[in-house]
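Here the structure is laid out as C-alpha coordinates; the discussion comes afterwards.
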Amino acid sequence: QVQLVESGGGLVQAGGSLRLSCAASGRTFSFRTMGWFRQVPGKEREFVASISGSGYSTDYADSVKGRFTVSRDNAKNTVYLQMNGLKSEDTAVYYCAATGLATTIYDSWGQGTQVTVSS
(Lines give C-alpha, C1' and ligand atoms only; values in the text may rest on other atoms or scores of the structure.)
Protein backbone atom coordinates (compact mmCIF):
# COMPACT_ATOMS: atom_id res chain seq x y z
CA GLN A 1 0.00 0.00 0.00
CA VAL A 2 0.94 3.62 -0.52
CA GLN A 3 -0.19 6.82 1.09
CA LEU A 4 -2.05 9.17 -1.24
CA VAL A 5 -2.92 12.82 -0.78
CA GLU A 6 -5.21 14.64 -3.20
CA SER A 7 -5.24 18.38 -3.75
CA GLY A 8 -6.58 20.93 -6.20
CA GLY A 9 -10.30 20.66 -5.63
CA GLY A 10 -12.47 23.69 -5.28
CA LEU A 11 -15.42 25.66 -6.57
CA VAL A 12 -15.62 26.43 -10.27
CA GLN A 13 -18.20 27.71 -12.71
CA ALA A 14 -19.68 25.39 -15.31
CA GLY A 15 -17.40 25.28 -18.33
CA GLY A 16 -14.35 25.98 -16.23
CA SER A 17 -11.31 23.86 -15.48
CA LEU A 18 -9.53 22.35 -12.52
CA ARG A 19 -6.46 20.19 -12.15
CA LEU A 20 -6.35 17.69 -9.35
CA SER A 21 -3.09 16.32 -8.05
CA CYS A 22 -2.37 13.18 -6.08
CA ALA A 23 0.96 12.78 -4.34
CA ALA A 24 2.04 9.26 -3.48
CA SER A 25 4.54 7.92 -1.02
CA GLY A 26 6.97 5.08 -1.49
CA ARG A 27 9.32 3.74 -4.10
CA THR A 28 6.88 1.64 -6.11
CA PHE A 29 4.76 4.40 -7.64
CA SER A 30 5.89 3.80 -11.21
CA PHE A 31 4.80 0.16 -11.00
CA ARG A 32 1.24 0.93 -9.98
CA THR A 33 -1.78 1.75 -12.03
CA MET A 34 -3.33 4.92 -10.67
CA GLY A 35 -7.01 5.71 -10.77
CA TRP A 36 -9.39 8.54 -10.11
CA PHE A 37 -12.83 7.91 -8.68
CA ARG A 38 -15.59 10.20 -7.56
CA GLN A 39 -18.52 9.94 -5.25
CA VAL A 40 -21.69 11.94 -5.63
CA PRO A 41 -23.65 12.60 -2.44
CA GLY A 42 -25.90 9.65 -1.71
CA LYS A 43 -24.44 7.59 -4.57
CA GLU A 44 -21.91 4.82 -5.00
CA ARG A 45 -18.32 5.67 -5.80
CA GLU A 46 -17.69 5.55 -9.55
CA PHE A 47 -14.67 5.17 -11.76
CA VAL A 48 -13.45 8.28 -13.57
CA ALA A 49 -10.06 7.57 -15.12
CA SER A 50 -6.94 5.46 -14.80
CA ILE A 51 -3.39 5.43 -16.06
CA SER A 52 -0.87 2.62 -16.23
CA GLY A 53 2.45 2.71 -14.45
CA SER A 54 4.30 3.74 -17.59
CA GLY A 55 1.72 6.38 -18.41
CA TYR A 56 1.17 5.02 -21.90
CA SER A 57 -2.24 3.50 -21.28
CA THR A 58 -5.24 5.44 -20.04
CA ASP A 59 -8.90 4.72 -19.54
CA TYR A 60 -11.86 6.99 -18.97
CA ALA A 61 -15.46 6.75 -18.00
CA ASP A 62 -17.75 7.61 -20.89
CA SER A 63 -19.10 10.58 -18.97
CA VAL A 64 -15.72 12.32 -18.93
CA LYS A 65 -14.14 11.27 -22.23
CA GLY A 66 -12.93 14.27 -24.19
CA ARG A 67 -13.07 16.52 -21.16
CA PHE A 68 -10.78 14.94 -18.57
CA THR A 69 -7.16 13.92 -18.99
CA VAL A 70 -5.22 11.76 -16.58
CA SER A 71 -1.44 11.97 -16.53
CA ARG A 72 1.43 11.15 -14.24
CA ASP A 73 4.93 12.24 -13.41
CA ASN A 74 6.75 9.26 -11.98
CA ALA A 75 9.78 11.36 -11.07
CA LYS A 76 7.51 13.33 -8.74
CA ASN A 77 5.35 10.42 -7.57
CA THR A 78 2.33 12.39 -8.69
CA VAL A 79 -0.74 11.69 -10.78
CA TYR A 80 -2.96 14.42 -12.19
CA LEU A 81 -6.50 14.78 -13.40
CA GLN A 82 -7.03 17.72 -15.71
CA MET A 83 -10.72 18.52 -15.84
CA ASN A 84 -11.97 20.80 -18.59
CA GLY A 85 -15.45 21.77 -19.62
CA LEU A 86 -16.75 21.02 -16.16
CA LYS A 87 -20.44 20.39 -15.71
CA SER A 88 -22.62 20.55 -12.64
CA GLU A 89 -22.90 16.77 -12.72
CA ASP A 90 -19.14 16.56 -12.18
CA THR A 91 -19.68 17.80 -8.65
CA ALA A 92 -18.37 15.13 -6.30
CA VAL A 93 -15.64 14.18 -3.92
CA TYR A 94 -12.74 12.96 -6.05
CA TYR A 95 -10.49 10.19 -4.80
CA CYS A 96 -7.10 9.07 -5.97
CA ALA A 97 -6.35 5.36 -5.80
CA ALA A 98 -3.46 3.01 -6.48
CA THR A 99 -3.45 -0.65 -7.36
CA GLY A 100 -1.31 -3.16 -5.61
CA LEU A 101 1.72 -4.55 -7.35
CA ALA A 102 0.93 -7.12 -10.03
CA THR A 103 -2.80 -6.69 -9.55
CA THR A 104 -5.69 -4.64 -10.89
CA ILE A 105 -7.22 -4.23 -7.46
CA TYR A 106 -7.11 -0.75 -5.95
CA ASP A 107 -5.88 -1.13 -2.40
CA SER A 108 -4.72 2.39 -1.54
CA TRP A 109 -6.99 5.41 -1.38
CA GLY A 110 -6.58 9.08 -0.70
CA GLN A 111 -8.80 11.12 1.59
CA GLY A 112 -10.62 12.83 -1.25
CA THR A 113 -10.92 16.39 -2.47
CA GLN A 114 -14.18 18.23 -3.10
CA VAL A 115 -14.98 19.50 -6.57
CA THR A 116 -18.04 21.70 -6.84
CA VAL A 117 -19.26 22.99 -10.20
CA SER A 118 -21.86 25.72 -10.14
CA SER A 119 -24.36 25.92 -12.98
Side-chain angles (χ1 to χ4, degrees):
Q1 293 185 321
V2 296
Q3 294 180 357
L4 305 172
V5 180
E6 303 97 333
S7 62
L11 177 65
V12 65
Q13 291 281 96
S17 299
L18 283 174
R19 188 176 78 160
L20 306 183
S21 298
C22 174
S25 67
R27 302 179 180 181
T28 61
F29 178 76
S30 64
F31 300 103
R32 301 177 185 272
T33 293
M34 300 296 296
W36 287 97
F37 296 76
R38 66 188 182 188
Q39 189 162 25
V40 179
K43 303 296 182 182
E44 195 72 20
R45 188 172 300 177
E46 67 174 348
F47 170 79
V48 175
S50 67
I51 185 167
S52 64
S54 67
Y56 287 117
S57 179
T58 58
D59 193 26
Y60 298 92
D62 288 342
S63 60
V64 306
K65 285 181 180 177
R67 300 188 298 119
F68 290 10
T69 302
V70 62
S71 61
R72 68 193 295 160
D73 186 341
N74 286 342
K76 297 180 179 179
N77 268 29
T78 302
V79 63
Y80 305 94
L81 184 67
Q82 179 67 48
M83 305 185 294
N84 298 326
L86 284 163
K87 306 174 181 179
S88 60
E89 50 263 47
D90 295 319
T91 295
V93 176
Y94 283 71
Y95 297 89
C96 176
T99 65
L101 299 176
T103 180
T104 60
I105 304 300
Y106 291 96
D107 64 3
S108 300
W109 296 84
Q111 81 289 341
T113 185
Q114 177 70 46
V115 172
T116 302
V117 183
S118 61
S119 59

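Predicted model, so just to flag it, every value in this text is computed and none were measured.
Taking hydrophobic clusters as Ile, Leu, Val, Met, Phe, Trp and Tyr residues chained together by side-chain heavy-atom distances below 4.5 Å, F47 does not share a cluster with L4. Placement of V64 and M34 within a single hydrophobic cluster is found when ILVMFWY residues are connected by side-chain heavy-atom separations under 4.5 Å, directly or transitively. Cluster annotation: F31 and V2 are assigned to distinct hydrophobic clusters (Ile/Leu/Val/Met/Phe/Trp/Tyr, side-chain heavy-atom contacts under 4.5 Å, transitive). Linking Ile, Leu, Val, Met, Phe, Trp and Tyr whenever their side-chain heavy atoms come within less than 4.5 Å leaves L20 and Y106 in two separate clusters.
A tilted orientation is assigned to the rings of Y94 and F68, their planes being inclined by 30° to 60°.
Partner of R72 under the side-chain contact (heavy atoms from CB on, under 4.5 Å) criterion, chosen from T78, T58, V79: V79.
To the nearest 0.5 Å, atom OG of residue S119 and atom CG of residue L86 are 12.5 Å apart. Atom CD in Q39 sits 9.5 Å away from atom CD in E46 (nearest 0.5 Å). How far CD of Q3 is from CG of N77: 12.0 Å, rounded to the nearest 0.5 Å. Between the CG atom in L81 and the OG1 atom in T113 there is a gap of 11.0 Å [rounded to 0.5 Å].
Judged by distance alone, with hydrogens and angles left aside, the side-chain atoms of T99 form a donor-acceptor pair with the main-chain N or O of T33 at under 3.5 Å. In terms of modelled atom types and a separation under 3.5 Å, the side chain of Y60 and the main chain of V70 share a donor-acceptor contact. A donor-acceptor pair is defined here as one N or O able to donate and one able to accept, closer than 3.5 Å; no such pair exists between the side chain of S30 and the backbone of N74.
Among residue pairs with one or both ends in residues 77-119, those qualifying as disulfide bond (SG atoms under 2.5 Å apart) are C22-C96; sequence neighbours excluded. Here side-chain hydrogen bond (donor to acceptor under 3.5 Å, both in side chains) pairs that include residues 80-89, with residues two or more places apart or in two chains, are S17-N84, Q82-N84.
Between E6 and G112, the shortest heavy-atom contact is OE1-N, 2.9 Å. Here the closest non-hydrogen pair linking D90 and R67 is OD2-NH1, 2.7 Å. In terms of heavy atoms, V5 sits closest to Q111 at CA-OE1, 3.6 Å.
Under the 4.5 Å side-chain criterion, counting only non-hydrogen atoms from C-beta, V115 is not in contact with R38. Inter-residue side-chain proximity for M83 and W36 is flagged as unmet; no heavy-atom pair is nearer than 4.5 Å. Side-chain contact check for Q13 versus V117: every heavy-atom pair is 4.5 Å or farther apart.
Taking V93 as the reference, Y95, Q114 meet the side chain to side chain contact (heavy atoms under 4.5 Å, CB included) condition, with sequence neighbours excluded.
Remark: I105 CD1 is loosely packed, at most 12 non-hydrogen atoms of other residues, nucleotides or ligands lying under 6.0 Å away.
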